[in-house]
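Please read the structure below before turning to the comments.
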Amino acid sequence: MQKLVLTEEEQMVRESAADFLFKKAGPGALREIRDTANPKGFSSEVWLEMVELGWPSILIGEAQGGLGFSHVAMGQIMELCGSTLACSPLFSTAVVGASVLSLGGDRLALLPKVAAGNLTLALAIDEAPRHNPQGIATRAVRRGDGYTLNGEKTFVVDGNVADYLVVSVRADEEPEDVLLFLVPRDAEGVAITKTEMVDSRNSATVQINDVTVESVQRISHSGAGLATLQKVLNIANVHLSAELLGIANECFGRTLRYLNERKQFGVEIGSFQGLQHRAAILWTEIELCKSIVLKALRALDESPEHAGLLASTAKAKTCQVAELASNEGIQMHGGIGMTDEFDIGFFIKRARVVQMLYGDRRYHLNRYAELRAY
Amino acid sequence: MQKLVLTEEEQMVRESAADFLFKKAGPGALREIRDTANPKGFSSEVWLEMVELGWPSILIGEAQGGLGFSHVAMGQIMELCGSTLACSPLFSTAVVGASVLSLGGDRLALLPKVAAGNLTLALAIDEAPRHNPQGIATRAVRRGDGYTLNGEKTFVVDGNVADYLVVSVRADEEPEDVLLFLVPRDAEGVAITKTEMVDSRNSATVQINDVTVESVQRISHSGAGLATLQKVLNIANVHLSAELLGIANECFGRTLRYLNERKQFGVEIGSFQGLQHRAAILWTEIELCKSIVLKALRALDESPEHAGLLASTAKAKTCQVAELASNEGIQMHGGIGMTDEFDIGFFIKRARVVQMLYGDRRYHLNRYAELRAY
Amino acid sequence: MRDFCYSLVIVTGNLWGLKSLQDLEEFRVSTRRWLEENCPQSMRQPITEQDICSGGRRFVFQSDDQKLWLDRMAERGWTAPAWPLEYGGGGLNHDQAKVLREEMASITARLPLQGMGISMIGPAILEFGSDALKKQHLPQIARGEIRWCQGYSEPGSGSDLAGLQTRAEDHGDHFIVNGQKVWTSNADQADWMFCLVRTDFEVSKHAGISLVLFDMESAGVTARPIRLISGASVFCETFLEDVRVEKSQVVGDVNNGWTIAKYLLTHEREMIGGIGTAAGTRTLGELATEAIGLSDGRLSDELLRTEVATWEVDSCCHQLTMERVRDEMTADGVGNTSAMIKYYGTEMNKRRFELLMALGGSDALHWKEGTDTQRWLRSKGNSIEGGTSEIQLNIISKRILGLG
Amino acid sequence: MRDFCYSLVIVTGNLWGLKSLQDLEEFRVSTRRWLEENCPQSMRQPITEQDICSGGRRFVFQSDDQKLWLDRMAERGWTAPAWPLEYGGGGLNHDQAKVLREEMASITARLPLQGMGISMIGPAILEFGSDALKKQHLPQIARGEIRWCQGYSEPGSGSDLAGLQTRAEDHGDHFIVNGQKVWTSNADQADWMFCLVRTDFEVSKHAGISLVLFDMESAGVTARPIRLISGASVFCETFLEDVRVEKSQVVGDVNNGWTIAKYLLTHEREMIGGIGTAAGTRTLGELATEAIGLSDGRLSDELLRTEVATWEVDSCCHQLTMERVRDEMTADGVGNTSAMIKYYGTEMNKRRFELLMALGGSDALHWKEGTDTQRWLRSKGNSIEGGTSEIQLNIISKRILGLG
């Protein structure tokens, strides 16, 4: 069993990612995207550089033109995307999209394009405001060799910019399973509405009206759609946990610096034990998050049979701590933390979106208990 | 609507009770009862003085030889019994027992005896470790004019000393309702086992083997047993909330004094902001308890239709705060708080018993939500 | 039995109490009748932020009814029910004022006028001001003619309010004021400011402060709105450059401003503490039922069900505590207990909005003006403005618990 | 791609790493075989408090197997696997010691010997002691011949450990010690004490402390057990009256005891922090299922279900953190992070017992020796002994976060 420390190469990935992201994709970049109402929701320049760094190819096998590197390495990048609030299609394409295609097995041919950064994807699964991957009203009706799809999806991250949508549906002929289809964003009958989000990032609702798909667009083997989706969601949630860790950690770091700078009553506010103890507790909670996130990432690489339980453990814990860290961050910054001019507000906004995506703390605590059979 | 302050006479009851209880029935008295393994579990002298003060007659109507005074007044006494850890049959007899008989309606003739302190009662309803007043396996089978009872009851407070037990049973002829019977403790077929409790107070398990009761021993009107029991439990839980408030308040008061006395690092530990803020939060929570307890007591007197919701609100809140106050009490006392020699340990022990009796925080939060229809 | 029976005798003998209860009942009946006849139907709807009548020179009434209701209430002095009649108030005693509140609540009558004038500087002038100041300002406030803002915080002095640096130089019959205030609510809308300034730099920081009043149209006053994480806000930065303030406009004595500031902070705390109760709106349980539905009569997410019930229990206890504190109120007001009300109320409000966010799911993450999403972000400021939660806990531990 | 691909090259080239992994694998195989052959079956049962072998002059073995297991392990030095061979240890490196732990765990082999000697004073003597002290004490500890207790706390110095007042007067080749210690675990059972004493009253409080060793049978040593809220305890008050301590029994230099004390406190914290994990016993989820049952596959109390799951999630994260901290460990040990382990572990243990109390209902309120009820009360002391939670938070905020 691997030790719970980064290997040398994982550490190098982390350092080079930090180097790049803090320089090019920090909160200032997000502010610019928001204030210029950039319709793409990310900087093409930043994304191109990520591609050049090989990030979209990390999780893709060498046979499909990828690096076949580890979830642990990708998780370091995701954590730092949390710390910097970097906007890009990386998560939806290189984590979620690449995993769907790899695990689905039937559309491997697209993977080299993903690895090369020439194709972006978005997962369109939820239909209600609260995550429920099995609550699918979208229907597939068999028509000749293909299907006709009808339904509506919400909270589709990057749905407004991705080349392809991965859409979950149910067919009357296989009511127990979930079918996953690859649908071009510009297919006839697909209507996309970008949603203005609190974190100023991309999300969309997708209406699917009589959209015709061929059998070849189906991603999952017959009978394996639900299992594939669950595996993808485990992967997604572990990487979201890494992002939440990054958010919490950066919120805390900024707060700690402020505690050492801001003076009231003639002394640094960090000299007040009331704040010290809260900072110490928060630091401890973040240390716990570091451990579970690393463990869950390793499990994706080495023991996927534990990935479900560890994914829910990690998401439940990081949701709790990111909420605490972002709330404490604002409170300890005082009035200045409430102003839009100051960056700390961007972190609480992003935190809540990541918390909610693919299940919040409550969802994953419940799932944890279910997986533990109680 | 009455103001949320004590009336002059309620205040006088409170003061005279404090006067008596702190002098005669404090933790020292409890310690003596424990260390001498007093089989009665209370001091007869203290109980006689309570009788002389008229306490058992407070909730009994004037027509039945009582004072017909208020729940608010009785609640002050219960709160102070919490603060002093006073042992006596007051709660089981003068709060619960008197209420059962008054509300049941069929056995009013016993009330003058209760009012005069000549008869004690104990409520025997629970059969499992966690409160569930409707989970009754004890059966009543009709036999001639009376019934034969069989079953087993647990956590029967004062069951080892009371003259009469109030036993809840179900009969096949009225499966929907609960029947309440008055059973003499020394009736044939009743076997009482005193339980050693963590708070060194009285509790017992009661085995009921072919116990014959006459119809006249039935307390509740036909079809009204469950409703009576629920009303009694509302009353009981409000007064237990008052006791929990007293426990929390006294724990806090003792802790506050210790914070101002104990020196470490050359200063009083109460000068550390980390402890100050926790003390301030605890004080605030206790203030909230004072409000809900007073409101719930008033509701028993003035608007019993709200008593159910307010009883569960009060119990849920006071359970939470008594747990917090007793835990913080020990922690802030440090090592000395862990020694048996010091009194603070008696409070945490008593708190957990009162918390559990007739439903803990979880039970009452759930009941609150049910009563609010969600 | 001794003390106990004795006390019963006293009660029965309380005939004076009964008499005053009768008077109060008559007042209730006449008040109810008057409200029924004079409160326009449109002023009996639950009030939202946009419906508030804040008065002032620039205020534009949203309807004739709104103006009518203000005028009728102001005529009776019921915009400020407890102020003396001579200063435009209603002259009601504590119990009568409570009856008026209850009767207005029973027909959900809106408050005819709200703001810093009625709630903050009015009571302070009444308590500490000269007779001239009372005559000048109170009737204008009660009639809703002048809107006020509060100049307290500065960039360098937030929690440490007494560390303020705005400087007032003595020029004989007037001061010249220079400095910067932040978090001035509605400074860009208000007509007058009550403002803490330093009039003596030589003494200890609490001793050299004065409370002064000036017109916002005075030369040298500039207000600039602040954008918050929740979007546009009522807060401003206010710059004061050589602003002339007459000495007659000092409330109380020069260099005695800190006493009045503390008095006002108590009022403010109590006001903000009430925020957690959100009266008149639907309960959290109802909102939860609507958002996520019931299954078998229970909210369909068990964790949220528990959290909602816990919140409602705490909220009920907090509301009752505000009621109890008011009922126990002495002539000095609620005093330091307002720190508890403020602390707990703002924490409750933050918890409430976190729960609303959870109930709303991804829908609650949409960014739109005037939504709960913005109010959720805005709620984070509740435990900062008007004295942080940490300051409230300091007040409780030092002034109430005697620690440290 | 640059850095990234470069790094891949490095890994492939790490042949040395592979070689050492092979060695480790061989060590694992031989260890497994030896344990299989030498660990008595009865020593492969989960261990409870009563089964612990603490050694010492007065220790009575509970079985022949217990003695056999101790002797066999002591012979290989595996009672203290990482100590040098010359002092009776096993001479294993960090990775080998981990393998030994893992292999023992895989057959649930009990620790052959536990106590203050192995965990606390042994490592301290190894780090700070003279060669004579090492030769005198370490082999005896490793063979389980001498049991130790720790004389740290005093009635007046709990959290402020450095404020201790026990006085050691210099008498040339020895000290005469006078004072009182409290919370001395097993003082009435132990053979020797390691004890903090003040050897210089003139200097700052941290500078005048020494760590001395003495036999508990020395004249003037009296130990008296303390009764706790949870019943009988291993703790004692220890009175020291004119106790003679040889100067050769000072660990490290005179007046340098505080350095060693801090080192030992780190060890202690880490040990106590592990308490929250309760390895080898059933999970809280299993206990909950047994106590309150399932309905529709869910624990029949939804609130407890949530609380149990929350606890298990936190516990998993805490265990992984202990693992991670150990994996990251440098030559200096885990250092100040032990404060986090101690703080969180003890809070977890308290939460666990509160949940067990709730699960047990009224049955858990019965007062019997050796039950979870007593353990629940005992757990309250976890966040006090070995440095309170508040002290741990101070350590974190000052030494790790650099606050104040």
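Proteins come first, then strands; the chains are lettered A, B, ... in the order of their sequence lines, and each starts at number 1.
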I'd like to know which of [options] tops the heavy-atom pair count under 4.5 Å against chain B.
options: T289(C), I395(C), N394(C); value: N394(C)
options: E390(C), E312(C), E328(C); value: E312(C)
options: V325(C), V308(C), L401(C); value: L401(C)

| task | Indicate yes or no: does R351(C) engage E307(C) in a salt bridge with an N to O separation below 4.0 Å. | result |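 Not counted as a salt bridge, because no side-chain N and carboxylate O are separated by less than 4.0 Å.
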| task | Run the salt-bridge test on R254(B) and E250(B) with the 4.0 Å N-O cut-off and return the result as yes or no. | result | yes
| field | Atom pair NE2/CE of H71(B) and M78(B) - distance to nearest 0.5 Å | value | 12.5 Å
| query | Can a donor-acceptor pair be found between the side chains of E15(B) and Q11(B) at a distance below 3.5 Å? | reply |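 Per modelled atom types, E15(B) and Q11(B) side chains form a pair under 3.5 Å.
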| request: Assess the side chains of S389(C) and E347(C): does a donor N or O sit below 3.5 Å from an acceptor N or O? | output: yes
| Of all residues at least two apart in sequence or in a different chain, which pass the side-chain hydrogen bond (donor to acceptor under 3.5 Å, both in side chains) check with Y358(B)? |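 By the side-chain hydrogen bond (donor to acceptor under 3.5 Å, both in side chains) rule, Y358(B) matches no residue at all.
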| query | For R33(C), which residues count as a side-chain hydrogen bond (donor to acceptor under 3.5 Å, both in side chains) partner, sequence neighbours excluded? | reply |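 Residues passing side-chain hydrogen bond (donor to acceptor under 3.5 Å, both in side chains) with R33(C): none at all.
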Can you tell which part of [X] gets under 4.5 Å to a heavy atom of chain C, answering side chain, backbone, both or neither?
X: A369(B); value: both
X: E370(B); value: both
X: E285(B); value: side chain
X: N366(B); value: both
X: I281(B); value: both
X: E268(B); value: neither
X: F252(B); value: side chain
X: Y368(B); value: side chain

| request: For E45(B), look at atom CD and say whether over 12 heavy atoms of other residues, nucleotides or ligands are found less than 6.0 Å away. | output: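 No, not enclosed.
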| request: Take atom NZ of K113(B) as the centre, draw a 6.0 Å sphere, and report whether it contains more than 12 heavy atoms from other residues, nucleotides or ligands. | output: no
| message | Need one label for L294(C): side chain, backbone, both or neither, based on atoms under 4.5 Å from any heavy atom in chain B. | response |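 Side chain of L294(C) only, per the 4.5 Å heavy-atom cut-off to chain B.
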| field | Segment of D296(C) engaging chain B (4.5 angstrom heavy-atom cut-off) | value |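 Neither part.
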| task | Between chain C and each of A17(B), G270(B), A373(B), count heavy-atom pairs under 4.5 Å; write down the option with the most. | result | G270(B)
| field | Options L310(B), V5(B), L294(B), ranked by heavy-atom pairs under 4.5 Å with chain C, top entry | value | V5(B)
| task | Report yes if some heavy atom in the side chain of R324(C) is under 4.5 Å from a heavy atom in the side chain of E287(B); otherwise report no. | result | yes
